[in-house]
Amino acid sequence: MRLVAPFVCAAALLPAVAAAATLTVDVEVPTLNVAEYHRPYVALWLEPAAGEPVNLAVWYDLKLKDNEGEKWLKDMRLWWRKTGRTLTMPVDGVSGATRVPGRHTVTFAGDQAPLAGLPAGDYTLHVEAAREVGGREVVSIPFTWPAPNSPAEARGNSELGRIRVAVE
């Protein structure tokens, strides 16, 4: 009985820990010296070891007439296969405009969509970028939710720069 009690207490506190946690993702869109430059389309999503992917953000050209920007979303092939093709764009709280080259920080509260109710466990953050007349690249970083941890980071080689994820 004494061994069970700490686990019961920890399990009871877990939803409160998840609600208090925040996920911060830094995405660097590198400056490219190319003849024809178009801002990349970028998708950020979480993938649990088992279960459904969770979309965090999709940055694309929302202002093209006749929703033509949506036509190029499938160029983010991994995201498209995992979750993109089942979405009706734009998605409130997920869709956003493309970003200029530079560093961009997005923060998600554990008690709000899309992280509210996210089970504790091991996840992989995927960031995929695709650019018209350019390349495509995916950077993946494993981390644990909602345990606070040291930031993890990885670096892309062409379409993405440094990607950093932290749970605080």
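Model, not experiment: these values are computed from the prediction.
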When you compare the side chain of [Y] with that of [X], does any pair of heavy atoms fall below 4.5 Å?
X: L115; Y: T22; answer: no
X: Y123; Y: T144; answer: no
X: L160; Y: V127; answer: yes
X: L125; Y: W145; answer: no
X: P90; Y: E70; answer: yes
X: P114; Y: V94; answer: no
X: Y60; Y: M89; answer: yes

[X]: side chain to side chain donor-acceptor pair (under 3.5 Å) partners, not counting sequence neighbours:
X: S140; result: H126
X: E28; result: none
X: H104; result: none

Q) What residue pairs, at least two apart or across chains, pass salt bridge (charged side-chain N to carboxylate O under 4.0 Å, His left out) with a residue in residues 75-95? A) E47-K82

Q. Which residue pairs pass the salt bridge (charged side-chain N to carboxylate O under 4.0 Å, His left out) test with at least one member in residues 135-144, sequence neighbours excluded?
A.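 Those involving residues 135-144 are E128-R136.
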
Exam field: side chain [X] to backbone [Y], donor-acceptor pair closer than 3.5 Å:
X: N55; Y: L44; value: no
X: T83; Y: W79; value: no
X: Y41; Y: G69; value: yes

Q: List for me each residue that meets side-chain contact (heavy atoms from CB on, under 4.5 Å) alongside D26, sequence neighbours excluded, and say none if there are none.
A: T24, T105, R162, R164

Q) Taking everything shown except W80 itself, do over 12 heavy atoms lie less than 6.0 Å from its CH2? A)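 Check passes, neighbour count above 12.
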
Q) So V34 and V133, side-chain contact (heavy atoms from CB on, under 4.5 Å) or not? Walk me through it. A) CA-CA 10 Å; V34 294; V133 195; over 6 Å; no

**Q.** Interatomic distance, L56 atom CG to T107 atom OG1 [nearest 0.5 angstrom]
**A.** 11.0 Å

Q. Is V58 reachable from V106 through a run of hydrophobic residues whose side-chain heavy atoms are each under 4.5 Å from the next?
A.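 No; tracing contacts between hydrophobic side chains, which count when under 4.5 Å, never links both residues.
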
Q. Does F143 belong to the same Ile/Leu/Val/Met/Phe/Trp/Tyr cluster as F108, with side-chain heavy atoms less than 4.5 Å apart forming each link?
A.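 Yes: a chain of side-chain contacts under 4.5 Å links F143 to F108.
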
(Q) Walk me through whether R131 and L32 qualify under side-chain contact (heavy atoms from CB on, under 4.5 Å). (A) CA-CA 11 Å; R131 191 169 48 84; L32 301 175; 3.4 Å; yes

